[in-house]
Asker: 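Would you mind keeping the following structure in view while I ask a few things?
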Amino acid sequence: MGDIDRVDARALIGVLGEWSSGVGPLYRQLASAISDAIDRGDLPPGARLPSERAIADALPAARGTVVAASGLLVEAGLIVRRQGSGTTVAGTTRADRPSLAAGIRAQALTGRALRRGTAAVALGLSVLDDASSLPDWAFDVDAVTMERAGRKHGYAPLGIDALRDRVADLLTERGVASSVEEIAITLGAQHGIALAAEVLAEAGTRVAIEDPTYPGAIDVYSRAGLAFAPVDADLGGTEPASLRRALAAGDVGVVHLSPQCASPTGVVTVAARRPEIVDVLDATDTWLVEDAALEFLAPPDDHGYLAALRPARTVLVGTTSKVLWGGLRVGWVRAPRSVIERIGRFRAAHDLGSPIAPQVTALRLLDDLADVAEQRRVEAAARRRYLRDRILALVPDATIAVPDGGLSLWIGGADGHRLVAEAATVGLDILAGRVCSVTDGQPDRVRVSAWAPAAVLDEAARRFAVAWHATRSDD
């Protein structure tokens, strides 16, 4: 390739323009700007790009931002890395590639589906992938039962009445007085968050959200056109003072918090902070999206939902996917009746509601939810401890706080993106911490799922140690 095909850093910056003026983490904005430049023809197929260090110096930006953006572009098939030849623009068109705006989590899910049969130890997705402990009878749904539940025609934008009523009873038992008119059935928690963003948020405003947070929430709010106001959290959960500062800065339309069990840290917000958090929210009358997706994988929470303290301005999101099985895809939203009505109108226009058969299955399983949740909680805690002990035995300088709940470990102490890349070379799939950040932060963190049998966790710890030590080989 001749020099005419080489793009120097100054020229690249020139074609990117005001790349950091959009919404979302900087690395995603940078990746989108480079994607747009490729579409315009400013970066033609075969063009050799500057090194990541040279780009970082020219922007200027943190090198980790450039590395993360490059990772997205490689995953999307826009650029190609070749040992000894550098990085070049691939010869693809927009029709050939996934949308960068879909987010890293969506790309990871679709990428894994396309790469079936991979031998990697896959711990990059924090999912409950075991349906074997669920009773077979729950999935044996006959046509008559489905017709009765779905009022013959099967269209139920808000969900079948029996399941809505059962969820209302469940939440009432757990401290949030609820009626069937305040419940909408969803395709899991991610869908519930998306519906909340659709009916509550205005494009161009900001969402105050914990950093780090659930990567799926970042995807949802980014696609809704919202910018982010990061809120700090520690081992005690959401910091009320940080939330107050985020709201004082203005232009926040929605707050997204996970007090029952945060993702990816597994932290449960302590009881003493919850009334103060509510006071901060009430002072601005801001809508709260309370993400309770992981509540059944944490110790029994006697502190109560924030929704119990401010039901008129809270959308509570729950799911069966993190306690029964990821593939069941049945969740719920509890919100004021006016919000539920807006959700119903939106779903009637877009998808006519969730399928009936999974709802009937979920309805049957909810009767045994307490017993199943206890089993899952105990097993998840045992697996988290097991993987933590195995990793620390091989990598004693790793930082791994004991999580209160969840399916994963939040591990610090190494360059996260480099660790992910090294892990991939030895067949271990894990998630970089930056993917969980709305500020392009968490550079020294990775998330590793612990929901796997002991033999798989043993092998994962071995491969993790190999990757970890490879990141230190030239330090």
Asker: Between Glu459 and Arg462, does any NZ, NE, NH1 or NH2 come within less than 4.0 Å of an OD or OE carboxylate oxygen?
Answerer: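 Yes, this pair counts.
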Asker: Is the closest side-chain donor-acceptor distance between Tyr27 and Arg434 under 3.5 Å?
Answerer: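 Checked: Tyr27/Arg434 side chains show no N/O donor-acceptor pair below 3.5 Å.
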Asker: With sequence neighbours excluded, give me every side-chain hydrogen bond (donor to acceptor under 3.5 Å, both in side chains) pair touching residues 178-189.
Answerer: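 Passing the test, one end in residues 178-189: Ser178-Arg334, Ser179-Glu181, Ser179-Glu182, Glu182-Arg334.
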Asker: So, Arg148 side chain and Ala143 main chain: donor-acceptor pair closer than 3.5 Å or not?
Answerer: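 No; zero donor-acceptor contacts below 3.5 Å.
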Asker: Going by an N to O cut-off under 4.0 Å, is there a salt bridge joining Asp219 and Arg28?
Answerer: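 Looking at Arg28 together with Asp219, the answer is yes, because their closest N to O distance falls below 4.0 Å.
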Asker: Does either side chain, that of Asp211 or that of Ser437, offer a donor lying less than 3.5 Å from an acceptor on the other one?
Answerer: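 Side-chain D/A pair, Asp211 to Ser437: present.
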Asker: Output all residues satisfying ring pair (Phe, Tyr, Trp, His ring centres under 6.0 Å) with Tyr386, sequence neighbours left out; order by chain, then residue number.
Answerer: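 Here no residue qualifies.
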Asker: When you check the gap from the basic side-chain N to the acidic O, do Asp389 and Arg384 get nearer than 4.0 Å?
Answerer: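 Not counted as a salt bridge, because no side-chain N and carboxylate O are separated by less than 4.0 Å.
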Asker: With distance as the sole test, does Thr425 use its side chain to make a donor-acceptor pair with the main-chain N or O of Glu422 at under 3.5 Å?
Answerer: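 Yes; at least one donor-acceptor contact below 3.5 Å.
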Asker: For a quick test of your reading: what N or O donor-acceptor pairs under 3.5 Å do the side chains of residues 224-241 make, sequence neighbours left out?
Answerer:
residue: Asp234; atom: OD1; partner: Gly236; partner atom: N; Å: 2.8
residue: Asp234; atom: OD1; partner: Gly237; partner atom: N; Å: 3.4
residue: Asp234; atom: OD1; partner: Arg273; partner atom: NH1; Å: 2.8
residue: Asp234; atom: OD1; partner: Arg273; partner atom: NH2; Å: 3.2
residue: Asp234; atom: OD2; partner: Arg273; partner atom: NH2; Å: 3.1
residue: Thr238; atom: OG1; partner: Glu210; partner atom: OE2; Å: 2.5

Asker: Backbone N or O of Ile183 within a donor-acceptor pair of the Arg164 side chain at under 3.5 Å?
Answerer: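 Confirmed, Arg164 side chain pairs with Ile183 backbone.
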Asker: With a cut-off of 3.5 Å and sequence neighbours excluded, list every side-chain donor-acceptor pair involving residues 399-409.
Answerer:
residue: Asp404; atom: OD2; partner: Val268; partner atom: N; Å: 2.8
residue: Ser408; atom: OG; partner: Ser126; partner atom: OG; Å: 2.8

Asker: Do Asp142 and Thr145 have side-chain atoms, one donor and one acceptor, less than 3.5 Å apart?
Answerer: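 Per modelled atom types, Asp142 and Thr145 side chains form a pair under 3.5 Å.
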Asker: Taking only residues at least two apart or on different chains, which pairs with a member in residues 186-197 satisfy salt bridge (charged side-chain N to carboxylate O under 4.0 Å, His left out)?
Answerer: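 For residues 186-197, and leaving out neighbouring residues, there are no salt bridge (charged side-chain N to carboxylate O under 4.0 Å, His left out) pairs at all.
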Asker: Considering residues at least two apart in sequence or located in another chain, which fulfil the salt bridge (Lys or Arg N to Asp or Glu O under 4.0 Å) criterion with Asp367?
Answerer: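 So Asp367 forms a salt bridge (Lys or Arg N to Asp or Glu O under 4.0 Å) with Arg166.
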Asker: Has Arg447 got a side-chain atom pairing as donor or acceptor with Thr265's backbone, closer than 3.5 angstrom?
Answerer: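 Not at all, since once roles are kept as given, no pair shorter than 3.5 Å links the two residues.
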Asker: Quiz question: by atom type and distance under 3.5 Å, do the side chains of Arg329 and Ser321 form a donor-acceptor pair?
Answerer: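 On atom types as modelled, these side chains qualify, holding a pair under 3.5 Å.
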